[in-house]
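In what follows, a structure is listed as structure tokens, so that the remarks can point back to it.
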Amino acid sequence: MTEVDQPVDVLPRRRQSVMPRDGDGMTTGPMRRMSRLEPRQSVQYGMSGRRMSHMSRSSISGASFGLREFKQPQQVANTYKLAPDEKERFQPTKAENVIKSVLESYLGGETYSNEICSNLVQQISDLIKGRMKDLGFSNRYKYVCVVTIGQNKNQGVAVVSRSIWNPDTDNFASASYSSGDVFAVANIYATYFE
């Protein structure tokens with residue numbers, strides 16, 4: 001008989017939680033295993049037998065989550081505006097100038113090394129996003145920064161991206177850098193959240 005052919009009214013049998021007793025007060029049937037009477041010591045429960053809080057367990061394991069790393073989520077009030085003001089709109093020319101200056105300052109005179117460039121990609125991306133927030137665009141813009149660094153050996157490279165967004169409020173900026181045996185392409189995408 002397969003699972004599909006089983007009758008619907010047959011339910012799985014549950015184990016009794018209380019042992020049945022006979023008339024003399026003695027239990028009948030198999031005996032249940034008793035739990036330990038003494039509290040056991042473990043990293044998770046400790047001597048009290050109570051489960052410690054999440055912060056206690058993380059500090060025992062070596063990771064410490066303090067209030068220094070805690071960031072309060074940014075609250076944005078409802079303005080019921082569907083587009084940013086003209087002076088707060090993302091401006092690609094300002095963004096391109098910032099991207100070019102960051103790429104030149106980080107990669108100027110640099111030779112290609114796989115280990116160094118893998119760290120530089122993240123640092124440059126974070127720095128570009130931080131500088132975009134300092135340019136005075138609306139704080140409702142969310143930024144995505146993609147940086148590509150490679151070794152320049154006179155090869156052809158094409159960096160392409162596609163996106164679906166509102167062409168009235170969203171925009172992007174792109175800049176490239178090439179010097180010696182290092183090339184880099186950085187793209188920043190700014191999307192407006194209502």
Side-chain angles (χ1 to χ4, degrees), residues 54-55 57-194:
H54 177 68
M55 297 300 275
R57 282 185 286 154
S58 64
S59 62
I60 289 173
S61 65
S64 177
F65 300 107
L67 293 177
R68 283 181 285 139
E69 293 88 18
F70 179 74
K71 292 183 181 178
Q72 185 71 20
Q74 182 179 4
Q75 296 291 327
V76 180
N78 291 332
T79 59
Y80 304 104
K81 294 185 340 182
L82 300 178
D85 294 334
E86 199 58 41
K87 62 181 179 180
E88 293 180 337
R89 205 173 276 277
F90 181 79
Q91 298 172 9
T93 53
K94 282 186 177 180
E96 286 176 8
N97 293 336
V98 168
I99 294 171
K100 285 179 185 176
S101 67
V102 169
L103 290 177
E104 288 173 1
S105 66
Y106 266 72
L107 299 175
E110 194 70 44
T111 58
Y112 183 80
S113 169
N114 193 17
E115 294 81 22
I116 293 173
C117 290
S118 64
N119 292 330
L120 275 179
V121 167
Q122 186 175 3
Q123 292 174 5
I124 291 172
S125 178
D126 290 340
L127 184 62
I128 290 173
K129 281 194 297 186
R131 296 256 176 105
M132 290 300 127
K133 294 174 184 176
D134 295 339
L135 285 178
F137 303 135
S138 173
N139 62 352
R140 291 182 180 265
Y141 275 107
K142 306 293 183 198
Y143 300 103
V144 176
C145 186
V146 179
V147 178
T148 305
I149 297 178
Q151 187 173 13
N152 190 3
K153 291 192 171 188
N154 295 325
Q155 74 276 25
V157 176
V159 178
V160 180
S161 65
R162 292 183 180 175
S163 57
I164 298 174
W165 58 27
N166 184 354
D168 297 331
T169 58
D170 305 337
N171 213 331
F172 77 99
S174 180
S176 61
Y177 173 82
S178 179
S179 176
D181 67 340
V182 175
F183 76 90
V185 177
N187 298 320
I188 186 86
Y189 303 96
T191 56
Y192 185 78
F193 279 77
E194 301 168 356

Please list, one pair per line, the donor and acceptor atoms closer than 3.5 Å that link side chains of residues 165-175 to other protein atoms, with sequence neighbours excluded.
| unit_1 | atom_1 | unit_2 | atom_2 | d |
| --- | --- | --- | --- | --- |
| Asn166 | OD1 | Asp168 | N | 3.0 |
| Asp170 | OD1 | Tyr192 | N | 2.7 |
| Asp170 | OD2 | Asn166 | N | 3.1 |
| Ser174 | OG | Asn187 | OD1 | 2.6 |

Report task. Please tell me if the side chains of Leu127 and Arg131 come closer than 4.5 Å, counting only heavy atoms from C-beta onward. Result -> yes
Report task. First locate atom CZ of Arg140, then atom OG of Ser138, and finally report the distance between them rounded to the nearest 0.5 Å. Result -> 6.5 Å
Query - Close side-chain approach of Tyr112 to Asn114, heavy-atom, < 4.5 Å - result: yes
Requested in this report: Compare every heavy atom of Gln155 with every heavy atom of Phe183, then report the nearest pair and how far apart it is.
Outcome: CE2-NE2, 3.8 Å
Query raised in the report: Between OG of Ser179 and CG of Asn152, what distance do you get to the nearest 0.5 Å?
Result: 9.0 Å
**Report entry** Minimum heavy-atom distance between Cys117 and Ile149, given as atom pair plus value
**Finding:** SG-CG2, 3.7 Å
**Report entry** Met132 side chain near Phe90 side chain, heavy-atom distance below 4.5 Å
**Finding:** yes
Query - From Ser105 atom OG to Tyr177 atom OH, the distance as rounded to the nearest 0.5 Å - result: 9.5 Å
Query - Check: Tyr106 and Val147 side chains under 4.5 Å, non-hydrogen atoms - result: no
**Report entry** Closest contact, heavy atoms only, Tyr143 versus Ala190
**Finding:** CE2-CB, 3.7 Å
Query raised in the report: Should the heavy atoms of other residues, nucleotides or ligands under 6.0 Å from CD of Gln122 be counted, would the total exceed 12?
Result: no
Query - Qualifying salt bridge (Lys or Arg N to Asp or Glu O under 4.0 Å) pairs with a residue from residues 89-110, counting only residues at least two apart or across chains - result: Glu86-Arg89
Report summary line: So CD1 of Ile188 and OG of Ser125: to nearest 0.5 Å the spacing works out to 7.0 Å
**Report entry** Rounded distance (nearest 0.5 Å) linking atom OG of Ser178 with atom CG of Leu103
**Finding:** 11.0 Å
